Amino acid sequence: MGRGFTVAEDSAVPCPCGSGQRYAVCCAPLHQGLVMADTAEQLMRSRYSAFAKGEVDYLIKTHLDRENSPARQRRDLRAHCRQTRWLELRIQAVEGGGSGDLTGCVRFEADFKESGQHRILKEASLFKRCGDRIEGDWLYLRPLSLELVHA
């Protein structure tokens, strides 16, 4: 017996990152470790989708966090993903972060609901290559600027 409608329905789900592609061919392969992000923007989009989908291990793997243990990160991220419903991502600008760059900045706005309140996160995120090599994986470092707005 085939897998039925579930596979067809899952493969037709739009990607939360707003690329216009299906999740199964956009961010899912990154979340599953089948491919790595080619650009800082692709990593930004895949991290947004990971927040929306609750892909906590991917969020930990793609964030250079030297202050918190993976166990603490996992606990905090799980709680955050349960409490937050991500609604829309809008990329405002990208500086660097291309396939031949070592660093990049992605400015974005992300709408979400938390505790019944609609908010907008406005952030400029800094990304860098792991090991400072062009072949290195992209990692999220930190926000360069961050603003939370009530919508």
Side-chain angles (χ1 to χ4, degrees), residues 10-114 117-151:
D10 287 347
S11 65
V13 172
C15 193
C17 80
S19 67
Q21 297 181 34
R22 293 174 295 121
Y23 174 69
V25 297
C26 188
C27 290
L30 286 110
H31 295 167
Q32 297 163 359
L34 302 174
V35 297
M36 301 308 292
D38 290 326
T39 65
E41 180 181 354
Q42 187 181 24
L43 182 63
M44 171 61 235
R45 288 181 176 279
S46 68
R47 285 182 52 81
Y48 174 87
S49 290
F51 275 107
K53 295 277 194 180
E55 294 287 344
V56 170
D57 289 336
Y58 182 78
L59 292 168
I60 293 168
K61 177 183 173 189
T62 58
H63 181 194
L64 187 60
D65 184 349
R66 294 185 174 129
E67 295 178 17
N68 299 300
S69 71
R72 180 176 179 168
Q73 290 177 61
R74 188 170 285 106
R75 184 184 66 243
D76 292 349
L77 286 166
R78 282 186 180 144
H80 175 77
C81 288
R82 281 193 298 271
Q83 298 168 6
T84 309
R85 186 170 149 241
W86 293 94
L87 305 171
E88 182 182 10
L89 172 67
R90 294 177 302 282
I91 303 295
Q92 304 296 313
V94 178
E95 300 166 21
S99 58
D101 295 320
L102 294 175
T103 63
C105 176
V106 180
R107 296 179 196 285
F108 67 92
E109 292 183 358
D111 290 32
F112 66 97
K113 278 194 174 179
E114 187 175 61
Q117 295 186 1
H118 184 183
R119 297 181 182 182
I120 301 171
L121 170 66
K122 297 180 179 188
E123 184 175 325
S125 296
L126 179 62
F127 296 87
K128 73 172 258 170
R129 295 273 191 178
C130 181
D132 294 321
R133 295 186 343 250
I134 296 297
E135 307 83 32
D137 298 336
W138 282 104
L139 296 171
Y140 168 73
L141 280 182
R142 60 183 164 81
L144 295 173
S145 66
L146 181 92
E147 179 183 5
L148 276 178
V149 178
H150 289 278

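Just so we're clear, the structure is a prediction, and the values are computed from it rather than from any experiment.
Under a 3.5 Å cut-off, the side chain of Trp138 and the backbone N or O of Lys128 do not form any donor-acceptor pair. Here the side chain of Tyr48 pairs a donor or acceptor atom with the backbone of Glu88 at under 3.5 angstrom.
Side-chain contact between Ser49 and Glu55 is absent, with no heavy-atom pair separated by less than 4.5 Å. Side chains of Cys105 and Leu144 form a contact here, defined as non-hydrogen atoms less than 4.5 Å apart.
The structure places CG of Asp111 at 6.0 Å from CG of Leu87, a figure rounded to the nearest 0.5 Å. To the nearest 0.5 Å, the span separating CZ on Arg90 from CD on Glu109 amounts to 5.0 Å. Between the CG atom in Leu139 and the CG atom in Leu126 there is a gap of 11.0 Å [rounded to 0.5 Å].
Nearest heavy atoms, Ala12 versus Arg22: CA-CD, 4.1 Å. When all heavy atoms of Lys61 and Gly33 are compared, the closest pair comes out as NZ-CA, 4.5 Å. Closest approach of Ala37 and Leu30 over heavy atoms only: N-CD2, 3.3 Å. Listed here is the closest heavy atom pair of Cys26 and Cys17: SG-SG, 3.7 Å. Among all heavy-atom pairs drawn from Gln42 and Asp38, the shortest one is OE1-N, 2.6 Å.
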Run the side chain to side chain contact (heavy atoms under 4.5 Å, CB included) check on Phe127 and Thr103 step by step: do they pass?
CA-CA 6 Å; Phe127 296 87; Thr103 63; over 6 Å; no

Going through the distances and angles, do Leu121 and Leu146 end up as a side chain to side chain contact (heavy atoms under 4.5 Å, CB included)?
CA-CA 7 Å; Leu121 170 66; Leu146 181 92; 3.3 Å; yes

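For residues 139-148, the side chain to side chain donor-acceptor pair (under 3.5 Å) pairs, not counting sequence neighbours, are Glu123-Tyr140. Screening residues 91-100 for side chain to side chain donor-acceptor pair (under 3.5 Å) gives Glu95-Arg107 as the qualifying pairs, with residues at least two apart or on separate chains.
Evaluation of the side chain to side chain donor-acceptor pair (under 3.5 Å) rule for His63 yields no partner, not counting sequence neighbours. Qualifying side chain to side chain contact (heavy atoms under 4.5 Å, CB included) partners for Arg119, counting only residues two or more places apart in sequence or in other chains: Phe112, Glu114, Gln117, His150. Leu102 meets the side chain to side chain contact (heavy atoms under 4.5 Å, CB included) test with Arg129, Ile134; sequence neighbours excluded. Under the side chain to side chain donor-acceptor pair (under 3.5 Å) criterion, Gln83 pairs with no residue at all, not counting sequence neighbours. For Ile91, the side chain to side chain contact (heavy atoms under 4.5 Å, CB included) criterion is met by Glu41, Met44, Arg45, Leu89, Val94, Val106, Phe108, not counting sequence neighbours. In terms of the side chain to side chain contact (heavy atoms under 4.5 Å, CB included) criterion, residue partners of Thr62 (sequence neighbours excluded) are, by chain and number, Leu43, Arg47, Tyr58. Residues meeting the side chain to side chain donor-acceptor pair (under 3.5 Å) test with Lys53, sequence neighbours left out: none. Looking at residues two or more places apart in sequence or on another chain, you find no side chain to side chain donor-acceptor pair (under 3.5 Å) involving Asp137. With sequence neighbours excluded, no residue satisfies salt bridge (charged side-chain N to carboxylate O under 4.0 Å, His left out) with Asp101.
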Using distance only, find each side-chain donor-acceptor pair of residues 70-82 under 3.5 Å and give its atom names and separation, not counting sequence neighbours.
| unit_1 | atom_1 | unit_2 | atom_2 | d |
| --- | --- | --- | --- | --- |
| Gln73 | NE2 | Asn68 | O | 2.9 |
| Arg74 | NE | Asp57 | OD1 | 3.1 |
| Arg74 | NH2 | Asp57 | OD1 | 3.0 |

